[in-house]
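Values reported hereafter were calculated over all heavy atoms of this structure, with side chains retained and with hydrogens, waters and symmetry mates removed. Throughout, a chain's letter reflects where its sequence line sits, starting with A, and its residues are numbered from 1. From a predicted model like this one, the values you see are computed outputs, not experimental measurements.
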There are 2 protein chains.
Amino acid sequence: MLKPTLLIALYKLAELGAYAQEVSLSTGAFAKGLGLSQQTASRRLIEMERLRLIERSIDGKAQRVRITRVGLNSLSEMYKTLKPAFEGAKQELTIKATVFSGLSEGSYYMSMEGYRKQFKSKLGFDPFPGTLNLRVTKDSMIQRRELESHPFVNIDGFADKDRTYGGARCYPVVVGRKVHGAIVMPIRAHYGEDVIEVIAPENLRRKLKLQDGDLVEVQVSPATS
Amino acid sequence: MLKPTLLIALYKLAELGAYAQEVSLSTGAFAKGLGLSQQTASRRLIEMERLRLIERSIDGKAQRVRITRVGLNSLSEMYKTLKPAFEGAKQELTIKATVFSGLSEGSYYMSMEGYRKQFKSKLGFDPFPGTLNLRVTKDSMIQRRELESHPFVNIDGFADKDRTYGGARCYPVVVGRKVHGAIVMPIRAHYGEDVIEVIAPENLRRKLKLQDGDLVEVQVSPATS
DNA sequence: ATTACTAGAAGGCGAGTAT
DNA sequence: TATACTCGCCTTCTAGTAA
């Protein structure tokens, strides 16, 4: 994760509207917003630029700043984490979706200890090594978006000696009105917004006798507090 | 504002669900989540408790942590700031509301240089020293809530030698299809959710010939990016 | 196992200043 | 006016360890 001071600096830029367009900004004014010295504000901008969180165009005196896609990703992660806390999902949600065959990378990831350990301790079940790929129906896209207001379990990313593995958010669900499992949303999403992956302690395809194109219902419970 | 390191620590607790209920937490596990040492995580919890951002119940070994109302306020402020960036309001919004007489503290605050300076530079007009108090109609409460997805201008709080004055969010609007002004939302809200205060360069009551109970339309433009 | 203290190390801060 | 460098101080970290 980003250093707290940088994340807050980025956040302050978003507050100034730099998420949508370039904003004019002096290091002095930025310093005031941060409650720090001009020198430190300058340093922050340099650091953020170096990490490609922002882009700057300096014209001698005035400089214009804009948050990049990379920077927005960091803030978006934060936003999505806070959302369930402040948009208290009160209703149960049912998402309708059709089965399709993915690249079956799922089984590879699910069997990795770095993930499996977390699923077991945080979700309370040992996942079947494979994911059920679903494409959300057009009618259910409203519910799909509401999913983000529901509480989730955070799965941390990790690294082995070769590469890093990203984190994910898991939403506990009931599949086909029968099997308890979870929707897994990788934090760095690779599929489109209409695709969801579901895991469960059992082989969902077999247990629910599913084939490509079949329709399934995925139910998400409201916050239980 | 809260120190960045504390704010992030608080945010991490929210990620663990501590906004809704007590969560069991060891300083070691928390440290891992923060990417810091166990000792520092322990110190963070102590600091947050001292500032009443969290409450802890320590039973010898296990401790349970929960974010307090105060802590949630800090996170909520953050959430509301990020919302316009990620819920991109695309439509114009019209809020219907009725005029009522407030305590007319408005004129006192509006004439304070600490606020007036900011209104002039950030909103582009010198506000008439007084606010128009409006009560949102029941039918418009949906729009009232959507307001929070719209971009706003941040007015910083400040302090003189006697007391501190809180910050506010300002949403640029058109009142009565005629006058450009802004809704002022104090960050520490004192009224209920259905009350909004509007400022403008002119006396809105006179200009629009408004009396208590009259209905006015307040239009909010979509994000212009 | 925990939590949290103390002490030394590391890193971040603002002052001063060059450009 | 700006931005951003170096320097020395001071805050904040981790390590070690007590309870």
K.L.:
Will you find, in the side chains of B:Glu87 and B:Ser149, an N or O donor that is under 3.5 Å from an N or O acceptor?
P.N.:
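No pair is found: no donor N or O on one side chain lies under 3.5 Å from an acceptor on the other.
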K.L.:
Starting from C1' on C:dG12, measure out to CD1 on A:Ile8 and report it in whole angstrom.
P.N.:
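Atom-to-atom, A:Ile8 to C:dG12, this comes out as 16 Å.
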K.L.:
Expressed as a whole number of angstroms, how long is the span from A:Lys3:NZ to C:dC13:C1'?
P.N.:
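My rounded result for the distance is 13 Å.
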K.L.:
Could you check how far CD of A:Glu49 sits from C1' of D:dA4, rounded to whole Å?
P.N.:
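Whole-Å distance recorded here is 12 Å.
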K.L.:
For B:Ile183, run the side-chain contact (heavy atoms from CB on, under 4.5 Å) check against B:Val175, B:Val198, B:Leu134 and tell me which one passes.
P.N.:
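Single side-chain contact (heavy atoms from CB on, under 4.5 Å) partner of B:Ile183 among B:Val175, B:Val198, B:Leu134: B:Val198.
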K.L.:
Just to be sure I understand the rule, does A:Ile46 reach a base, reach only the sugar-phosphate, or reach nothing, if contact means heavy atoms closer than 4.0 Å?
P.N.:
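Result for A:Ile46 = sugar-phosphate.
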K.L.:
When the distance from CZ of A:Arg44 to P of D:dT3 is rounded to whole Å, what number comes out?
P.N.:
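Nearest whole value for this atom pair: 16 Å.
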K.L.:
Would you please say whether a donor-acceptor pair under 3.5 Å links the side chains of A:Ser57 and A:Glu22?
P.N.:
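Note: A:Ser57 and A:Glu22 side chains meet the donor-acceptor criterion.
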K.L.:
What string of B, S and - do you get for nucleotides 14-19 of chain C 5' to 3' if you count protein non-hydrogen atoms under 4.0 Å?
P.N.:
BBB---
K.L.:
Would you confirm whether the ring centroid of A:Phe86 sits within less than 6.0 angstrom of the ring centroid of B:Tyr19?
P.N.:
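No; A:Phe86 has its ring centre 6.0 Å or more from that of B:Tyr19.
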K.L.:
Would you name the heavy atoms of A:Met110 and A:Pro129 that are closest together and state the gap between them?
P.N.:
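Nearest pair, atom of A:Met110 first, then A:Pro129: CB-CA, 3.8 Å.
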K.L.:
Compare side-chain N and O positions of B:Arg56 against OP1 and OP2 of C:dA4 and report whether any pair is under 4.0 Å apart.
P.N.:
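Result: yes.
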K.L.:
Checking the side chain of B:Ser221 only, and the main-chain atoms of B:Glu92 only, is there a donor and an acceptor separated by less than 3.5 Å?
P.N.:
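Side chain of B:Ser221 to backbone of B:Glu92: no pair is present.
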K.L.:
How many Å lie between CG on B:Leu34 and P on D:dT14, as a whole number?
P.N.:
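Going from B:Leu34 (CG) to D:dT14 (P), I get 10 Å.
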K.L.:
When all nucleic acid strands are considered with a 4.0 Å heavy-atom cut-off, which category describes B:Ser42: base, sugar-phosphate, or nothing?
P.N.:
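Here B:Ser42 touches the bases of the nucleic acid.
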K.L.:
Rounded to the nearest angstrom, tell me the gap between atom CD in A:Gln63 and atom P in D:dT1.
P.N.:
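The distance from CD of A:Gln63 to P of D:dT1 comes to 17 Å, rounded to the nearest Å.
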K.L.:
To the nearest Å, how far apart are A:Phe30 CZ and D:dA2 P?
P.N.:
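Taking atom P of D:dA2 as the reference, CZ of A:Phe30 is at 16 Å.
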K.L.:
Just checking, any donor-acceptor pair under 3.5 angstrom between side chains of B:Gln38 and B:Thr27?
P.N.:
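Yes, side-chain donor-acceptor contact under 3.5 Å.
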K.L.:
Measure CE/B:Met48 against P/C:dT3 and give the value in whole Å, please.
P.N.:
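For the pair B:Met48 CE and C:dT3 P, the rounded distance is 13 Å.
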